[in-house]
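To keep things clear, I will list the structure first and then write my remarks on it.
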Amino acid sequence: MKDGPRNRISPKALSVWRIYGGIETLIALVVAGGVITLTVLFDWPVWISVVAGVAAVILAYIQIKLVPDVRWKRWRYEVREQEIELQRGIFIIKRTLVPMVRVQHVDTVQGPILKKYGLSTITISTAATVHEIPALDTEEADGLRDSISQLARVAEDDV
Amino acid sequence: MMSEYKRLHPISAIVNFMKQVKEMIIPIVVLLFVNGSGSGGGFWRYMPVISMVTVLVLVLGAGIIKWMRFTYRLEDGELRIEHGLFVKKKRYIPYDRIQSLNFSEGILHRPFGLVKVKVETAGSSSDKKSEAELTAILKEEAIQIEKTIFKEKERLSESPEAVVEEKPDRQEEIFKMSGKDLLMLGLTSGGVWVILSGVGAFLSQFDDFIPFEEIYEGASGYIRGGVLIIGILAFVGLFIAWLLSLVWTFVVYGDFRIRLTDENIIINRGLLEKKQVTVPFKRVQGIRIIENPVRQLLGYCSVQIENAGGSALEKDSSSIKLFPIVRKREVENLLAEIFPDYSVETEFNRLPVRSIRKYMIRAAAVGVIPTVVVSIFLWPYGMWGLILVALLAFLGYRQHRSGGWKLSESQLSLQYRTFSKSTVFLKKNRIQSLDRQETWFQSRMDLSTLRTTVKSGDAGYKSTLRDLEQKDMKQIEMWYSYEE
């Protein structure tokens, strides 16, 4: 509790987030490309294409490099006997405590990209909230899911 | 134990019909008005009326069929409901999933001694299906069902050797709203504006029929000050809207009573439509005292309880108004009587002085951008927006003043304001998760934002307290942590 959560998520998450960022950037590139094409076609001032180009490059840097890096560096989690602690955030650092007795169920989810990298996402649901640990090695995730659902079975409190 | 198939009272066909019509009211009105301006002759002239009547007949027919196909019964420890014409739907709800039965009596119900019964279940999101509604059954029968279900539930939950003894239910009446309270509630609620906008929308429909312009022109011939007339009309309109909202308050909250039994809080209200809501104590997730600025000034507040159950059918069942309005100084005693396990705090640890600035800037920022934009386009009139900014900054200041927290062994109490001031009491074992957030600016100043979530209905209810000392935040985290 004192020093914050200890475990990091899988380094492979970085690659996955870069791919996500790449996909989002692609959309921005298409828009920028469209703007540049229009500028050439209709003889608009050159600075418009320059701005569009620069914006696309900056966005690409932010989404592919900066955001995944910072996010990965910030992500920490720890599953203890009595509670789960999560810490994450890029601009705002968030730290969440979820007591084990409040956990209703745990799921692992794996999309195609995560699967390719052998990763899984764990979602932990309480009666009113859902928490996510975004990228863990599939084996670790499965183990964690099982142990959380074991630990969560302790108390059958009202809600 | 009943096990024969039962039907609802035939009146439920009418109730279904009315419900459908209510949902179709907008298309019907549109149809009527479209017709009003049309000037075609012969058959087409009656077309809208004919189609309307046809639709109504169909809807009525559907209501009757629905009623005929709907059966319910109590069997094998379950409430079993079957309905549907082509697709037969069966919904079986085991007694122990049933949390409470809520009765309400509409205007149509009353003359026949009927009630509408809503079945509330634990309502975890996956079981939304196990909710049910009996549109109209005899009151005695409803009570009979309630007795059967809860007796059976008790028998199931208790160990077999324990003797089921009939203990008399505690039935204290603990709170009643007087006429004066109702008046205060009506006067200080936002209902006026709702009704005003309703009247406005309604009047705009009649624009085509009432020759407003001619009236105005004619009138201004007699009286020079047309403005005066409009002013008077506006005033009269406002006054009527205000009266209506008062009446509405009396209709909805009239005869408001709270009774306590051993396990439940029972709230009755309503003059025309009588409602009874049952809230089991063990499903209360938190208590919230709300003071809007006007009420705060007059020394009144309202009290809500966050309720775990909640159903999709009953919109307001997650946050239940325990006291729609009550004197602030009576709250402590009343709450202490109803919830002896909660400590009703009045003294709070306040926020650090250095976070005042953050509060004021945060609140004022909302007004700055529009003011700048408007000022650019409408120089210099846009600068009036500065008044708004100043007011918002003042609100920020008030928000800072209202912010506070207090820990006891098992309870976290928070005070904060958005526009109205909230005081919430949360038990440690009811808080689903606890968040701490720090922006870069906050970290630099050793401040944190605290956020708690308790279950309320399907979703959660979040309370947020911004900019408290990081060391206080740590203390709260320690308190919440189950680890040694």
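These numbers were taken from a predicted model, which means no experiment stands behind them. The sequence lines fix the lettering, A, B, ..., with proteins before strands; numbering per chain opens at 1. Side-chain atoms are counted along with the backbone in the values below, which use heavy atoms only and exclude waters and symmetry mates.
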For this session: Carefully, step by step, assess B:Glu477 and A:Arg95 under the rule salt bridge (Lys or Arg N to Asp or Glu O under 4.0 Å).
Result: CA-CA 10 Å; B:Glu477 272 183 327; A:Arg95 188 155 141 188; 3.7 Å; yes
Exercise. Using non-hydrogen atoms only, which part of B:Thr439 is less than 4.5 Å away from chain A: side chain, backbone, both, or neither?
Worked result: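 Backbone plus side chain of B:Thr439, per the 4.5 Å heavy-atom cut-off to chain A.
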Problem set entry | Most chain A-contacting option - heavy-atom pairs closer than 4.5 Å, from B:Thr453, B:Ile431, B:Asp435 |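 Among the listed options, the one with the most contacts to chain A is B:Asp435.
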When rounded to the nearest 0.5 angstrom, what is the spacing between [atom1] in [X] and [atom2] in [Y]?
{"X": "B:Gln432", "Y": "A:Leu97", "atom1": "CD", "atom2": "CG", "value": "13.5 Å"}
{"X": "B:Ser481", "Y": "A:Glu85", "atom1": "OG", "atom2": "CD", "value": "7.5 Å"}
{"X": "A:Gln104", "Y": "B:Lys455", "atom1": "CD", "atom2": "NZ", "value": "7.5 Å"}

For this session: Spell out, as yes or no, whether a donor-acceptor pair under 3.5 Å connects the side chain of A:Glu83 to the backbone of B:Tyr482.
Result: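 Judged by distance alone, yes, a pair lies under 3.5 Å.
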Exercise. Just by distance, do the side chain of A:Arg102 and the backbone of B:Asn429 share a donor-acceptor pair under 3.5 Å?
Worked result: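 Yes.
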For this session: Locate the shortest heavy-atom distance separating A:Ala128 from B:Val454; write the atom from each residue and the value.
Result: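 Distance-wise, the nearest heavy atoms are CB-O, 3.9 Å.
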Exercise. Minimum heavy-atom separation for B:Ser433 to A:Thr96, with atom names?
Worked result: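 Nearest pair, atom of B:Ser433 first, then A:Thr96: CB-CG2, 4.2 Å.
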Exercise. So which of A:Ile84, A:Thr126, A:Leu86 has the biggest tally of heavy-atom pairs under 4.5 Å with chain B?
Worked result: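 Looking at each of A:Ile84, A:Thr126, A:Leu86 in turn, A:Thr126 comes out on top.
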Does [X] have more than 12 heavy atoms from other residues, nucleotides or ligands lying within 6.0 Å of its [atom1]?
{"X": "B:Arg357", "atom1": "CZ", "result": "no"}
{"X": "A:Glu81", "atom1": "CD", "result": "no"}
{"X": "A:Leu41", "atom1": "CG", "result": "yes"}

